[in-house]
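Every chain is numbered from 1 and lettered A, B, ... according to where its sequence line falls, protein lines coming before strand lines.
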Protein chains: 2
Amino acid sequence: MFARISDRSTEFPGIFGESLIQNDLSRRVSLNEFSYKKGTEIFGEKEPADYVYQVVSGAVRSYKLLSDGRRQIGAFHLTNDIFGLEIGSDHRFTAEAIIDTTVRLMKRRSLELVAESDVTVARNLLSMTTSNLRHAEDHMLLLGRKTSLERVAAFLIEMDRRSTAAGVLALPMCRRDIADYLGLTLETVSRALSRLHDLDILGFIGNTQRQIVLLDRKKLASFDLQN
Amino acid sequence: MFARISDRSTEFPGIFGESLIQNDLSRRVSLNEFSYKKGTEIFGEKEPADYVYQVVSGAVRSYKLLSDGRRQIGAFHLTNDIFGLEIGSDHRFTAEAIIDTTVRLMKRRSLELVAESDVTVARNLLSMTTSNLRHAEDHMLLLGRKTSLERVAAFLIEMDRRSTAAGVLALPMCRRDIADYLGLTLETVSRALSRLHDLDILGFIGNTQRQIVLLDRKKLASFDLQN
DNA sequence: CGAGACTTTGAGGTGACTCAAATACTGTGG
DNA sequence: CCACAGTATTTGAGTCACCTCAAAGTCTCG
């Protein structure tokens, strides 16, 4: 379930892909898999960033908290996504497993050593950081200037784009997670989804509220203004 | 006026600093200065990113627009700040001079060539991108979860930190720019500033609304919650 | 000094939030 | 396989922070 291949999945073969895992380079890095139960923390904000992670299966949320508990989720990490890569010494987000999740992890130091000699890996580090930057820049526009309906539409379109399962969009995260990603409350997210349902733009499947069918991608896209 | 040295000003000597301009490397890159009148565009979103820019004097805003005109400013660039650096082929923001501004510019291709051989420059490219990413991540939290007063307080603290002039904070941008940076309206920004003024946290100087004195940085900081 | 731009302030509106309750779903244990 | 407890979602009603519209005040610069 929730099988997905991120749009970033094939962009960085030099880091977690075949070139490190299956060929000679694999001996240069320590590479492990680790599993986290639903809701558990993978790393905390401001902890030393000694490892870089890749989602093998499951889903992860990265977030920041204000001292009074307000939360802003910066990104969701789905199958094959790489996360926790920092240039500074510490993590700048807390990462938690949204559902039971298996990650592959490697020592950051090892990665840096490889990057020293392997130009491809070094370029991929920059490329990944840029990819994260682009996402954050687009998300600033969403958070600063879009309406609730536009945010939810944009979210569905993003998840649809990152999803491989052609038919149904199976969301691993709850309404509160979506809300904290979009800068809304869970009730507002729910109302927006209901409204899109009423407009025959999406449908809910069978016995779960986490499975969504996009009935009219064109109409949906019309709610997500171009920038 | 508006003389400032960004906190990033001395971080990247390998790109625009002495190492490129005054020593041997300077012959490898084409480096020019160019001036823009207040309000004019330096480059547009989606245009090819052939140049990288550094503010010599003045101030620049980088923003995205929605099709109906809503604007989100992603960053302000002050003296010595580098902007317009892209890894992909196109700019992802429009950049405009806020006041009369002089920039130093260099061909991106030249920079990339230098980066090939000079590890320091390559590392600085990554370092700058990371710096931008960190700013965007923090700004997502502000846009998604902070109140208007917290946003304005955070803005003043950021500008104060980036300012060298110890006493007065001379803002080059108008209320609308601040509003579009903070995801608010200009009236809400004005009301927040008035409120901080009433609380004796800041003062306005003489005959301009752009010069602000931070009377009580401690109290101001208490409005900008930690994350 | 005067025109135009910018800022402040007020009054009223509204989209999203809060609080609350009903409904639906999930996983567990009998 | 069903009942139940706990969690998640939806929906409604009322509130509020911020927005919109409007007008007056302030600043800049020729």
Can you tell me the distance, in whole Å, between the [atom1] atom of [X] and the [atom2] atom of [N]?
X: Ile178(B); N: dT7(C); atom1: CD1; atom2: P; value: 7 Å
X: Ile99(A); N: dT7(D); atom1: CD1; atom2: P; value: 19 Å
X: Arg70(B); N: dG15(C); atom1: CZ; atom2: C1'; value: 13 Å
X: Leu184(A); N: dC18(D); atom1: CG; atom2: C1'; value: 15 Å
X: Arg210(A); N: dA24(C); atom1: CZ; atom2: P; value: 17 Å
X: Asp180(A); N: dC17(C); atom1: CG; atom2: P; value: 11 Å
X: Lys38(B); N: dC27(D); atom1: NZ; atom2: P; value: 15 Å
X: Asp68(A); N: dT18(C); atom1: CG; atom2: P; value: 11 Å

Quick one: [atom1] on [X] to [atom2] on [Y], what's the gap to the nearest 0.5 Å?
X: Leu141(A); Y: Lys64(B); atom1: CG; atom2: NZ; value: 7.0 Å
X: Leu143(B); Y: Met140(B); atom1: CG; atom2: CE; value: 9.5 Å
X: Glu86(B); Y: Asp90(B); atom1: CD; atom2: CG; value: 8.0 Å
X: Ile178(A); Y: Arg151(A); atom1: CD1; atom2: CZ; value: 14.0 Å

Of all heavy-atom pairs between [X] and [Y], which one has the smallest distance, and what is that distance?
X: Val55(A); Y: Leu78(A); result: CB-O, 3.3 Å
X: Ile73(A); Y: His139(A); result: O-NE2, 4.5 Å
X: Gln211(A); Y: Ala170(A); result: NE2-CB, 4.3 Å

Exercise. Reckon Gly183(A) touches a base, only the sugar-phosphate, or nothing at all at heavy-atom distances under 4.0 Å?
Worked result: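 Sugar-phosphate contact only - Gly183(A) comes under 4.0 Å of backbone atoms but never of a base.
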
Exercise. For Arg195(A), does the CZ atom sit with more than 12 other heavy atoms under 6.0 Å from it, leaving out its own atoms?
Worked result: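 No.
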
Exercise. Which listed nucleotide (dC17(C), dA8(D), dT7(C)) is nearest to the side chain of Cys174(A)?
Worked result: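 Between dC17(C), dA8(D), dT7(C), the one nearest the side chain of Cys174(A) would be dA8(D).
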
Are any protein N/O atoms closer than 3.5 Å to N/O atoms in nucleotides 8-10 of chain C? If there are, list each pair with its distance.
residue	atom	partner	partner atom	Å
dT8(C)	OP1	Arg175(B)	NH2	3.2
dT8(C)	OP2	Arg175(B)	NE	2.8
dT8(C)	OP2	Ser190(B)	OG	2.7
dT8(C)	O5'	Ser190(B)	OG	3.1
dT9(C)	OP2	Ser194(B)	OG	2.6
dG10(C)	N7	Arg191(B)	NH1	2.9
dG10(C)	O6	Arg191(B)	NH2	3.0

Exercise. Which ones in residues 144-152 of chain A lie close to DNA chain D, meaning a heavy atom under 4.0 Å from one of its atoms?
Worked result: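 Under 4.0 Å from DNA chain D: no residue of residues 144-152 of chain A.
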
Exercise. Among Tyr53(A), Phe34(A), Tyr36(A), which one satisfies ring-ring contact (aromatic ring centres under 6.0 Å, His included) with Phe43(A)?
Worked result: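 Among Tyr53(A), Phe34(A), Tyr36(A), the one that satisfies the ring-ring contact (aromatic ring centres under 6.0 Å, His included) with Phe43(A) is Tyr53(A).
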
